[in-house]
Each structure stands twice: as structure tokens, then as C-alpha cells.
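One structure is given below, encoded as C-alpha cells.
These numbers were taken from a predicted model, which means no experiment stands behind them.
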Amino acid sequence: MLKYFLNRLVWMVPLLVGISLVSFLIMHLAPGDITSTEASFNPKTSEESRQKLRELYNLDKPVIVQYGLWLKRMSTLDFGHSFASHQSPVFWQETDKEGNVNKGMIQEALPITLLINVLSLGLIIAIALPLGVISALTQNKLPDRSITIFVFIGFAIPSFWLALMLMYWTGVSHNWLPISGLHSLGAEKLSSFAQLLDTLKHLTLPILISGLTGLAGISLFVRNGMLDVLHQDYITTARAKGLPENTVVYKHALRNALLPLITIFGLSIPGLIGGSVIAESIFAIPGMGKLFYDAVLMRDFPVIMGILTIGSALTLIGNLLADLAYAWADPRVRRGVAQ
Amino acid sequence: MNAILKNPLALAGLIIIGIISIMAIFAPWIAQFDPDAINVKNILLSPSATHLMGTDGLGRDVYSRMLFGARISLLVGIVAVGIATIIGIVLGAVAGFYRGWLDTVIMRLVDVMLSIPTFFLILAVIAFLTPSIWNIMIVIGLTSWMGVTRLVRAEFLSLRNREFVLASQTLGAKDGRLIFKQLLPNSLTPIIVSSVLGIASAVLVESGLSFLGLGVQAPQASWGNILTDGKEYIEFAWWLSMFPGLAILITVMGYNLLGEGLRDALDPRTSNNK
């Protein structure tokens, strides 16, 4: 197991270098260089801040040196300071000369996005799993057909539209749920339990949105996985030796059908992180997605580059965890029999 | 073709996409109003016989804007997927045919691209360029070729040593002939299926970008930005946010149905065990 883990860890290094190269290339996409006025949404960009950009990315040095310096800064997780937001550090907190602590922007936004995504993953599992199993067990009958229609709608529904509709229905016309931000006005005066409840209420809609849009894929996946497994010889054997149908389905089939799901969750991380842009900007949740969206609008390059890199690193870590979980659950993988 | 028409999913998808494409192509003749004509006397009219989908906050006819928006959605979807498919075929063919270090480099590049959250990547590129319909198409295309590459490579790897390919090679066929006459035609089915499904997700991405104000720019109409306008009036003009959302939903569903139907109809493996 340890060897497998180290092996996977070493694999991440070339990927990280590749990510740094891609993000470096993106930075050089802009016509002229990123400090030129036409590349700026914000006409008020001062000569001073342009000079800062040049220094930050060493734009006066040869390209290869620029990349080397960028790689070096990335490896120390130094993404500089935001241009738009009072010079806040992009990634992690810093203490200035007077001893004041300046919180990092990603440091503050990341836990919120992670919380939303973990909770919506929970929601997805809680709903998609039974749907997929029911669908597989009633293949081509009415429940399966209805679930399939639901899956097709789920694949096609634009998350921002669903968000708007839910926001209007639950927030505006019924006033059930708060539709914006993370806390109610004056929430800091409440007890800590009431504060937690208040935050959860604010998070309900964003979690529903990212959960509902991710549901379709997972339930389809569970259905097809179950169908595959149910046609295997060992299921026929289990039935032939007279095991009750429930034991066959839930103990023999489901367990094996769920294994690949671990990988699917790993693979869905970039989609979830990227998808947070839409939900968070609609509901004004101060997470990674909103931070990124605002940075794009303001052309706050250090923040854009920081989030792009951290988001990719998170994806790699997520994939690593998924691989480890898979190896833990399936001895064939860790002994190198399969794949 | 017969197989496609007999498959209910594919047929339903084909009909949906057909109708929407006809409406998009003939938009200038179907539309009763200029989609960009502002009319302050007709602000926020609810749907009626004259204005089938009502009017927006500037008095523009929503139905006409929806028709012209359909053009944008279909165009962006098809061009973006065209770009992605061409890149995917070239890289996948090179990797699968020549293998060796080229294969390693290309596949690692695929891994790298897949580990960057796609929507972040698209937004970052747009931040460094300017949002316009052409940039959107190129950016979506350049960030969605990884699936096709893997697919073409896998097909090529499995076909490369089959007898008909080896026979052709023994007869002196050059690499180009092997790739274009033998391997590629035999890998077309999965490529077509993944392209059709790719259009569906490109339509979703474009409308999402336009909704966020980073895609197609006003006054040019797109379903995404009609919805953004509608957001302001959601409390008293439901039609402004209802129709664009439904249009995106139906279009994306049409492509998904067509793609899944094609997969079933054209792939003997899945149609047998169903």
C-alpha cells in the first residue's frame, strides 16, 4: 500500500509541472503583454500597478527565465497580492509590520467551497444511489423509464437557470430560504448554534443546485454499473446456490458496482470546483468560484493565476485520494493485477 | 441511417435538433421584429399573439431574440466541437499510431488538461482575451479535445494490429493511407457519438458564460444573456427567464438524445445486450 501511495505521489510531479506550464502559457495569451492597456477591463489601471505586474511576472526577462521564476514561485505557493482588493495576499495570511494579520483570499474562500461540495456530494450519494439501483433492478420497466427521463433532464438543465428558478420560488415568492450571502444581517449577535443554523440555511440553495446537477450522471453510472455486475458469472453462482435475492443484490452486486464510483467522484472534482463559479456568483457566496469570477471581471491576474493553480492542485489531490480509496477497497488494484 | 430512424431516442433527438436548426437558419424570415429594436412604449409586455414570448425591459421582442439566440447557440456548439474533434483526431491518431514517446507526451498533456478545472480554465483564458463569440468558440474548442483524443487513441491501439490493417501495410500502404483509409473510417462511430454529446455540453458552457456576462456580449442576443436580462425582472416578468432556460434545456436534451441514440443504434455491442 505504501509503495502504491509513493508511486502515485511521484506521478503528481510531472502533472504539476505541466499545469504550471499551461497556466504560464495562458498568461502569455493576451495581445501584447498583460500590462498593455487594451488587455485591461479596468481603464483606471495605473502605471504603478502595471509596473507591479511586470515585476511580479518578471515580464522584462526572457520567456524561459520568466517560466523558471514562475515555477519557483509556484512551488513555494507564493502567488503575490491582489490588485483589486486592497493588496490582500492571494493564498495565505501574512503579518505586517504592526503585527496585523492579513488573511489570504484563497484561505478564506476555500473552506466555504469545500464545505458546499462535500455536502452536495453527500446529497448526490443519498439520492443517486437508490435511483440507480432501482433503475437497474427494474430495467426497461416503468420506474427505470421514469428515472431515465429524469436523468436526461438532469443532464440538460442549465444549472444557472435551475438556480434562478429555485431562488425565485423558495426565496422570493415563498420567502422560505435566504437567497444571497452566507450570513443574515446581525447574525453575529446570535448564539453559535443559531449562527450555524443561519449559515446552513444560506448554503441550502447552493448545495441543492450543485447536488441536483451532479445527480443525473451518478445515478446513470450506478444503473449501468449494477447492470454490468448483475450479468457476471459470480452473480449467477450466488443465485444458483440459493442465496436470497436481497443478499445477491445488496451484498454481492452493489458492492462491486460501487467500486468504480470512487474513481468517478475523483474525476468529478474539477467539474464541481469549476461549477462553483455559477452557483456562488448567483447566490453571492464568498467561495472560490465567486472569488474567481470577481477576479476575472476585475482582471485581477494574481488571483486568477492563484486560483487556477490551487484548483488544479486540489483536483490532483482529489484524484490521489480517490485512487488510494480504490486501492484500499479493491485488493486487485493495490497488488497491480488490474490495470 | 435506417438504424438511426428505428431508434426512438435518436429519432426524438433528430427531430428536436432539426426543428431548432430550421428556426435558427430561417430566423430573419420567421422573426416578426428586429431582435435589437428598442421600443420604449412596449416595455415588459406579457406573451400575446403579437409578441409570442413577450417583450423585455427595453421593449425588444423576446421571440425574435430567442430565434437569433438559437443561431449563436448552434454555431458556438458546432464550431467549438469541430475544433475539439479535429485536435482530438490528430493528437489521438498520432499517439495511437506511432506510440512511443509521442504517445507519452500527448497522453501526459491530456492528463494535465484534465486536472485543471475546465470552467476555471475557460474563464481564465477569457480574462486574458476579450469575450466575443469567436473567442468563446475557440476557447471551448481548445479546452475540450481531451476526451476525443483518448477515444481515437484507444480505437487506433485496438485496430492497429488487426489483420486488415497489417495486410494493407504489407501491401506497401504508407502511414497516411493506413491512418485515413483504414483506421479512421473504422473509428468514426465513437467519434461521431462523442461529438454530438460534446455539442450538448458546449451549448451549456456557452450559455453559462453568456449568463455570467463573459460570453456573447450585448446587444447581440444569446439565450444566456437573455436570461441575465430576465434575472432583473424575475418577480414580474416570468417569461424573460422561463423561455431561454427551456430553450437551452430542450436543445441540450436533443443533442444528448441523439448522441445516446446513435451510440445504441451504431454500436452492435450495446444494442445486443439491451
Side-chain angles (χ1 to χ4, degrees), chain A residues 14-15 17-19 21-23 26-31 34 38-39 41 140 152-153 155-162 164-165 167-168 172-173 227 231 267 269-278 281-282 289 292-293 295-297 299-301 304-305 307-308 311-316 319, chain B residues 9 12-13 108-131 139 197 200-201 203-205 207-214 223-224 227-228 230-231 234-235 238 241-242 244-257 260 273-274:
Chain A
L15 285 181
V17 174
I19 289 166
L21 190 63
V22 171
S23 56
I26 288 173
M27 206 158 54
H28 285 260
L29 271 179
I34 54 172
E38 68 260 59
F41 271 140
N140 293 338
F152 268 103
I153 295 176
F155 268 132
I157 202 161
S159 63
F160 47 93
W161 185 61
L162 186 65
L164 268 185
M165 294 292 131
M167 181 167 151
Y168 176 66
V172 182
S173 58
L227 285 179
H231 287 121
L267 292 177
I269 294 172
L272 283 172
I273 297 179
S276 64
V277 173
I278 287 177
S281 51
I282 289 178
F292 192 73
Y293 177 59
V296 167
L297 287 184
R299 297 214 153 186
D300 196 343
F301 295 118
I304 295 176
M305 301 313 290
I307 296 186
L308 200 59
S312 313
L314 279 180
T315 307
L316 288 183
N319 286 341
Chain B
L9 290 183
R108 288 299 82 77
L109 184 63
V110 168
D111 289 342
V112 166
M113 291 295 288
L114 283 176
S115 36
I116 306 179
T118 317
F119 208 67
F120 278 6
L121 188 61
I122 293 174
L123 285 182
V125 175
I126 288 170
F128 287 93
L129 300 168
T130 41
V139 171
L197 295 174
S201 64
V203 169
L204 272 180
V205 170
S207 57
L209 286 173
S210 298
F211 175 75
L212 291 174
L214 294 166
W223 292 342
L227 194 53
T228 314
K231 196 173 65 170
I234 191 163
E235 282 170 64
W238 58 269
S241 23
M242 186 58 77
L246 281 179
I248 299 165
L249 175 69
I250 292 170
T251 308
V252 174
M253 190 138 75
Y255 279 115
N256 280 337
L257 286 171
E260 294 295 335
N273 63 30
K274 268 193 181 161

Residue among A:Thr315, A:Leu308, A:Leu314 satisfying side chain to side chain contact (heavy atoms under 4.5 Å, CB included) with B:Pro117: A:Thr315

Contacting region of A:Leu227 [heavy-atom separation from chain B under 4.5 Å]: neither

CZ on A:Phe160 to NZ on B:Lys231, rounded to 0.5 Å: 11.0 Å

Residue pair A:Trp161 / B:Ile248, side-chain heavy-atom distance below 4.5 Å: no

Heavy-atom check, side chain of B:Val252 versus side chain of A:Phe155, under 4.5 Å: no

4.5 Å side-chain heavy-atom contact, A:Val17 and B:Val112: no

Per-residue contact mode, B:Phe120 against chain A (heavy atom under 4.5 angstrom): both

Residue among A:Pro158, A:Gly18, A:Gly311 with most heavy-atom pairs under 4.5 Å to chain B: A:Pro158

Structural part of B:Ala124 lying under 4.5 Å from a heavy atom of chain A: both

Closest-packed option against chain B by number of heavy-atom pairs under 4.5 Å, given A:Leu162, A:Ile304, A:Leu164: A:Leu164

Heavy-atom pair with the smallest gap, counting every atom of B:Ser115 and A:Leu316: CB-CD2, 3.6 Å

Chain B contact via A:Leu15 - which portion, at a heavy-atom distance below 4.5 Å: both

